[in-house]
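First the proteins, then the strands, lettered A, B, ... as listed; each starts at 1.
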Number of protein chains: 2
Amino acid sequence: MNANGFGTQVKRGVIEFCVLSMLNRREHYGFELVQELSRIDGLLTSEGTIYPLLSRLRRAGLVSTEWRESTSGPPRKYYRLTPEGEHTLQDYRRQWTLIRDAVNTLVSD
Amino acid sequence: MNANGFGTQVKRGVIEFCVLSMLNRREHYGFELVQELSRIDGLLTSEGTIYPLLSRLRRAGLVSTEWRESTSGPPRKYYRLTPEGEHTLQDYRRQWTLIRDAVNTLVSD
DNA sequence: GTCCAGTACCTTGCATAACAAAGTACTTGG
DNA sequence: CCAAGTACTTTGTTATGCAAGGTACTGGAC
């Protein structure tokens with residue numbers, strides 16, 4: 001309800017969209033997604049958000065995973081979009097554009 | 001998770017923002033908000049969403065209410081922004097701009 | 001050689017909120 | 001007189017962000 005709540009609630013919707021978009025560009029591992037998103041003003045997030053999200057995307061068949069060794073730490077689990085994931089992303093893009101424009105119209109004073 | 005889920009999740013964040021913006025322009029009663037929002041493509045909503053939201057805004061001190069008779073139906077509960085509500089709206093505007101631009105940058109291919 | 005920070009994964013529990021559904025009550029037209 | 005529209009409210013379900021805590025490996029500082 002307060003200032004923090006707004007960001008939280010909006011992010012609830014857009015984080016999944018952002019993750020799919022990032023995976024559409026190239027594969028990422030989870031920790032990397034957390035770091036890259038958190039570097040962006042307004043999208044600060046944490047492992048407790050991203051890892052469960054990635055599990056859901058996997059269960060839904062939108063991403064596939066592959067373990068790979070790292071030269072400097074624990075192994076990493078890489079995620080990439082499946083064809084179904086690409087299709088879903090397209091759909092999200094349409095919906096995002098719709099909602100974004102609706103909101104911009106409504107809230108402009 | 002599916003196509004419907006996306007809209008739901010994004011709306012979870014922006015509906016409150018939209019309602020505050022609409023109340024900033026002029027007072028509205030609840031049913032009216034449901035109808036006006038639902039006319040906008042991408043913001044379809046229902047009474048089960050708006051009435052609890054208005055209660056929360058009232059409890060948080062962001063809106064004030066006033067019952068008024070209608071010439072054509074049951075009495076209406078009108079909502080208007082409090083000074084604190086206006087302040088919160090300003091804050092939401094900043095956050096929305098931040099997140100909107102971040103998402104637009106991220107998801108543009 | 002031991003300790004601490006960093007990397008990288010995962011899970012549990014809590015709080016929040018959209019929505020469907022059902023309920024109340026008043027008004028108007030057929 | 002009763003169905004449909006207006007208008008408000010509440011209950012239960014479900015989803016999800018996040019804090020917090022856990023595991024495990026690596027490398028540098030002391």
* According to a strict under-4.0 Å criterion, is Tyr51(A) in side-chain N/O contact with OP1 or OP2 of dC9(C)? -> yes
* To do: Using a heavy-atom cut-off of under 4.0 Å over every strand shown, decide if Arg12(A) touches base, sugar-phosphate, or nothing.
  => base
* Separation of atom CZ in Phe6(B) from atom C1' in dA18(C), rounded to whole Å -> 15 Å
* To do: Without swapping roles, check the side chain of Arg100(B) against the backbone of Asn104(A) for a donor-acceptor pair under 3.5 Å.
  => no
* Asked: Phe31(A) side chain: which of dC8(D), dA8(C), dA18(C) is closest?
  -> dA8(C)
* To do: Compute whether any side-chain donor of one residue and acceptor of the other, for Asn24(B) and Arg80(B), lie under 3.5 angstrom apart.
  => no
* Contact class for Pro75(B) vs. all strands (heavy atom < 4.0 Å): base, sugar-phosphate, or nothing? -> sugar-phosphate
* Would you mind reading off the distance between Ile50(A) atom CD1 and dC9(C) atom P, rounded to a whole angstrom? => 11 Å
* dC8(D) OP1/OP2 closer than 4.0 Å to side-chain N/O of Tyr29(B) -> no
* Asked: Hey, does Glu47(B) reach any base, or is it just sugar-phosphate, or nothing, if we go heavy atoms under 4.0 Å?
  -> base
* **Integer-rounded Å distance: dT7(C) P and Glu36(A) CD** => 14 Å
* Structure fact -> By nearest-nucleotide position on DNA chain D, the 5'-leaning member of Lys11(A) and Gly73(A) is Lys11(A)
* **Atom-pair distance (CD1 on Ile15(B); C1' on dC19(C)), nearest Å** => 11 Å
* **Minimum-distance nucleotide to Arg56(B) side chain [options: dA17(C), dT7(C), dC18(D)]** => dA17(C)
* Asked: Between dT6(D) atom C1' and Lys77(B) atom NZ, what is the distance in whole Å?
  -> 16 Å
* To do: Establish, from distance only, whether the side-chain atoms of Tyr92(A) and Glu16(A) form a donor-acceptor pair under 3.5 Å.
  => yes
* Structure fact -> Taking dA8(C), dC19(C), dT9(D) as options, the one with an atom nearest any side-chain atom of Thr8(B) is dC19(C)
* So which nucleotide from dC8(D), dA17(C), dA18(C) ends up closest to the side chain of Gln9(A)? -> dA17(C)
* Between the main-chain N or O of Thr82(B) and the side-chain N or O of Ser64(B), is there a donor-acceptor pair closer than 3.5 Å? -> no
* Examine Phe17(B) together with Phe6(A) and report whether their ring centres are nearer than 6.0 Å. => yes
* To do: Could you check whether Gly48(B) gets within reach of a base, just the sugar-phosphate, or nothing at all, counting any heavy atom under 4.0 Å?
  => base
* Asked: Is the shortest side-chain N/O distance from Ser46(B) to OP1 or OP2 of dC19(C) below 4.0 Å?
  -> no
* Touch check for Thr65(B), heavy atoms < 4.0 angstrom, all strands: base, sugar-phosphate only, or nothing? -> nothing
* OP1 or OP2 of dT7(C) under 4.0 Å from side-chain N/O of Ser70(A) -> no
* Interatomic distance, Tyr79(A) OH vs dA8(C) C1' [rounded to whole Å] -> 11 Å
* Within the pair Ser72(B) and dT27(C), is there a side-chain N or O less than 4.0 Å away from OP1 or OP2? -> no
* **Whole angstrom value for the distance that separates C1' of dT11(C) from CZ of Arg59(A)** => 12 Å
* To do: Before giving the answer on salt bridge (charged side-chain N to carboxylate O under 4.0 Å, His left out), spell out for Glu27(A) and Arg76(A) the whole-Å C-alpha distance, their side-chain angles and the decisive distance to 0.1 Å.
  => CA-CA 12 Å; Glu27(A) 60 177 12; Arg76(A) 299 164 173 171; over 6 Å; no
* Spacing between Leu33(B) atom CG and dC8(D) atom P, to the nearest angstrom -> 9 Å
* Compare the minimum distances between each of dA7(D), dC9(C), dC18(D) and the side chain of Arg76(B), then state the nucleotide with the smallest one. => dA7(D)
* Assign Ser55(B) to base, sugar-phosphate, or nothing according to its heavy-atom contacts below 4.0 angstrom with the strands shown. => nothing
